[in-house]
Structure formats: C-alpha cells, structure tokens
Asker: 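What follows is a single structure, and I will ask about it in a moment.
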Amino acid sequence: MTYDTGTGTTGIDMDALRARIPALRAGVAHFDGPGGTQTPTPVIEAITHALSNPLAVRGSVAPGEINAETIVREFRLAMADLLGAQAAGIVVGRSATQLTYDFSRVLARGWAPGDEVIVSRLDHDANIRPWVQAAEQAGAVVRWADFDPATGELPATSVGALLTDRTRLVAVTAASNLIGTRPDVAAIADLVHRAGALLYVDGVHLAAHAFVDVTALGADFFVCSPYKFFGPHHGVLAASTGLLETLRPDKLAPSTDAVPERFELGTLPYEALAGTRAAVDFLADLAPDTPGTGQDRRTRLRSAFAAVEVHETALRERAEEAMSQLDGVTQHSRAALRTPTMLLTFDNREATEAYHFLARSRIHAPAGSFYALEASRHLGLGTAGGLRVGLSPYNNADDIERLTAALSAFLRS
C-alpha cells in the first residue's frame, strides 16, 4: 500500500510518521533538519531501555557486559546496513568534526613537505579546516576546488584539474549543508584513485536524504552524524577494515589494537549507540509495501529512501515555486541534483530578521552560514549566509503553506 503525502505524490504515511515524533506536538513547523532532526519515540525508548538495564564495560560474563557488547554489535550492523559498509569498519566518535580531526592527524603523519591536499569551497568547515591545519603542520600544499556560484555545481573536473602525483588526499562533501548541492562523488573518486590519492567524504548532509552506498561512491572514508537522521548526537565513520588496519592512531597502552576499536578512545556511549540502531530501524520502517515481507534491512532502507526522496523533492519543488512568487527573495540552491535544502536572501533585509520573525510564528528556519563559511563567502554572502529552509521526512504541505504565509507577512512588514 502507498500513501498520499499531501503533495500529490505517493510514498510515506505522513500521519503515522509525525505521530511517532513527540516534539512535533508543540506545533512548531521545523525547517531546521540540516542542523538536526526531531527524535522519534522508538529512538527515545531504545535509549531509555539501554539505561534501564544493566550496563558495564563490554565483556562476556556479567549481564551489564553482555548488554553493552550486544548494543555495540547491533549498532555496527545497523550502520553497515545504512551505509553499505563493513560492520567492522564502523568507527564511533563524539561528532563528525572530531572524527575528521582525529583521522586528519593520523593520515598527515604520512605526508611530507611538498605533498598536496585538495579541499572544496562547497564544504562545511569540518571537512576543510582539519585538513588545512594538518597540511600546514606537515608542510603540505593545500589546493582549493571551487564550485560555480551561479549554478551551485561542483563538477568533478574542478577537482580533477587539481590532481597531481603529489596529491595525497581529497576532501569533499557528498551534499552541501548550505545549498544542498550533491556533487558526483563517484566521478570524483575515480579521478582521485587514478591519481593514487585517498578520498574523504563528508556525508553528514547526504545520509539524511539519500540511500548511501560507500563502495559505489568510492569513498575511502565516509563520515556522518546520526542526529541528522533521527538518532542521538554523535559521529560515525565508515571505512574498509583493510584501510583502517594500515593506520596507527595514538591510544592508551592497555587499549585494544583491534579495528575499529583502536580509533575509539575510552568507553563508548552505549545508550547513544542503542538510539542510533533504533533510528536506522525507524528509517527502514518508512519503506512502503514492506511490512511483514521478510525483506532484509538494507533492502527496506533502499525502498524507504526512495520514498523519502519522492516526498522531499515534491515538497522542495512546492516550496521553491512559492518562494519564486515572493518579491525580493533570492534562492541560492540551484544545482541540478540537490537535497531539499534552500538558502534564501532578501533584498534590503537581513536573513536574521526573517529568522526571528518566523520564530514568532512558531516556524523554525534559522539564518547563518552554518559553518559552511567558504561556501557562503564564495556565494558573495560574506559570513552572514542566508535563511536556510531544510526539509526532513516529517515536513508536510501544511508546513510549506505556513512558511510561505509567514515570509509574505515578513516582506510586507
């Protein structure tokens, strides 16, 4: 069975989805998904269940040890299903930023003066600054791949033109958190690997909106944040176990040298990992036509994200059409392939004014550059950025109508 999304398309059962997210009962229209989604009841319950039962340092004897070990194992399997990765290649971190800093330091140990690193102006600063700083410390050269500010596109050729036999690593986003652009990562990966370099992909924004296959993307490292797709606040990195085996991070002497644990410092946040496993299952349950069919989780996730993309694309197109009818509004999200993320600026008005005006109408669409500092500057917006309207699976047509009416009132005020 399929469901009317309220946008003239079919896909997700919106009433059922929204009913499972307690925060939506407050009546706020949330367009802040790129900064973090609201939390579903199954995720809250999984966290509560983990904390309500015995927990201890992982082991195989006491109940608390076994519970912790089970939580970690199920978490890695769930994230492997979500990303098309190896469970033994799933690394836990406090955040995607922390993981990128950690891996930049480990990888930079193999760089020499004159080696080269490529970063993109499209990226969140978390996939720029760690590499720039690591390169500076190693004496490596930083090269910048520019996107087209008129179209928002980052062609693979923009990266390819910078590659040399001294390139050691390329860092690129799978989707811009500011304007939604989805570069052709697979094409970039092909060029990068031909040059003998590694590819580090920031998948934080993409993983919330699209079915991910790290192997098909060609990502040597892929980092994401579960709180962007209904889970708790922490980071996850996926890489092949073979690649991880070649890296030697700093660690405590008694800590295990096994992969992936050698990259995970201290005791893991078991309750957060339980919540993330539940978030992946929640996403898989969005798949239409699959309840009770016995399909594996990876297959259901593929179906779920297909439905999510249909729903979010329809809403995005509806919102973009509505914004185009408003005088004095500029839309900066223009790439042919993009997430449901809009960046708006206003003639003679600050985006922060719109942000505060909307908040008074119980609509949350924040303003800023959202740490995509280089992208904001490259768009000619300085450090101020714009008003970001980011859609999530739980947004509906009523949210778009509320946003349109409120922005119309703002422009008249």
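Computed over heavy atoms, backbone and side chain alike; hydrogens, waters and symmetry mates excluded.
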Asker: Knowing that exactly one of W131, F263, F103 qualifies, which makes a ring-ring contact (aromatic ring centres under 6.0 Å, His included) with F221?
Answerer: F103
Asker: Could R316 and E312 be called an ion pair, given the rule that one side-chain N must be under 4.0 Å from one carboxylate O?
Answerer: no
Asker: Between H332 and T345, does any side-chain donor sit less than 3.5 Å from a side-chain acceptor?
Answerer: yes
Asker: With the threshold set at 4.0 Å, does a side-chain nitrogen-carboxylate oxygen contact exist between R20 and D13?
Answerer: no
Asker: When you measure from the centre of the six-membered ring of F370, is the NZ or CZ of R388 under 6.0 Å away and within 45° of the axis?
Answerer: yes
Asker: So do the side chains of L178 and S376 get within less than 4.5 Å of each other, counting heavy atoms only?
Answerer: yes
Asker: Return the minimal non-hydrogen interatomic distance between I12 and L17, and the atom names on each side.
Answerer: CG2-CD2, 4.0 Å
Asker: So, are E374 and R129 salt-bridged, with charged N and O less than 4.0 Å apart?
Answerer: yes
Asker: Going by atom types alone, do H205 and T339 pair a side-chain donor with an acceptor below 3.5 Å?
Answerer: yes
Asker: Between H378 and F147, is the gap from one ring center to the other below 6.0 Å?
Answerer: yes
Asker: For S120, what residues pass the side-chain hydrogen bond (donor to acceptor under 3.5 Å, both in side chains) criterion, not counting sequence neighbours?
Answerer: D123
Asker: Check for a donor-acceptor pair, side chain of T37 on one end and backbone N or O of G33 on the other, with a separation under 3.5 Å.
Answerer: no
Asker: Does a donor on one side chain sit under 3.5 Å from an acceptor on the other, for Q325 and E321?
Answerer: yes
Asker: Going by ring-ring contact (aromatic ring centres under 6.0 Å, His included), name the residues that satisfy it together with H30, two or more places apart in sequence or in a different chain.
Answerer: none
Asker: Using 4.0 Å as the upper bound for N to carboxylate O, is an ion pair formed by R166 and E116?
Answerer: no
Asker: Does any donor atom in the side chain of D32 or H364 lie under 3.5 Å from an acceptor atom in the other side chain?
Answerer: yes
Asker: Is R18 close to Q38 at the side-chain level, that is, under 4.5 Å between some pair of heavy atoms?
Answerer: no
Asker: Are E69 and R76 ion-paired here, with the side-chain N under 4.0 Å from a carboxylate O?
Answerer: no
Asker: Using only atom types and a distance under 3.5 Å, with no angle test, would you say the side chain of D125 pairs donor to acceptor with the backbone of I128?
Answerer: no
Asker: Testing the 3.5 Å rule here: is there a donor-acceptor pair between the side chains of H193 and D220?
Answerer: yes
Asker: Using 30° and 60° as the class boundaries, would you call the ring planes of F410 and F346 parallel, tilted or perpendicular?
Answerer: perpendicular
Asker: Decide, yes or no, whether a salt bridge links R262 with E245 under the criterion of side-chain N to carboxylate O below 4.0 Å.
Answerer: yes
Asker: Please verify the inter-ring angle class for F230 with F282; under 30° counts as parallel, over 60° as perpendicular, anything in between as tilted.
Answerer: perpendicular
Asker: Would you check if the side chain of R338 reaches a backbone N or O of A335 as a donor-acceptor pair within less than 3.5 Å?
Answerer: yes
Asker: Is there a donor-acceptor pair under 3.5 Å between the side chain of S408 and the backbone N or O of T404?
Answerer: yes
Asker: So, H233 versus S95: side-chain donor-acceptor pair below 3.5 Å or not?
Answerer: no
Asker: When you check the gap from the basic side-chain N to the acidic O, do R182 and E309 get nearer than 4.0 Å?
Answerer: yes
Asker: Is it true that D281 and R277 have a side-chain N and a carboxylate O under 4.0 angstrom from each other?
Answerer: yes
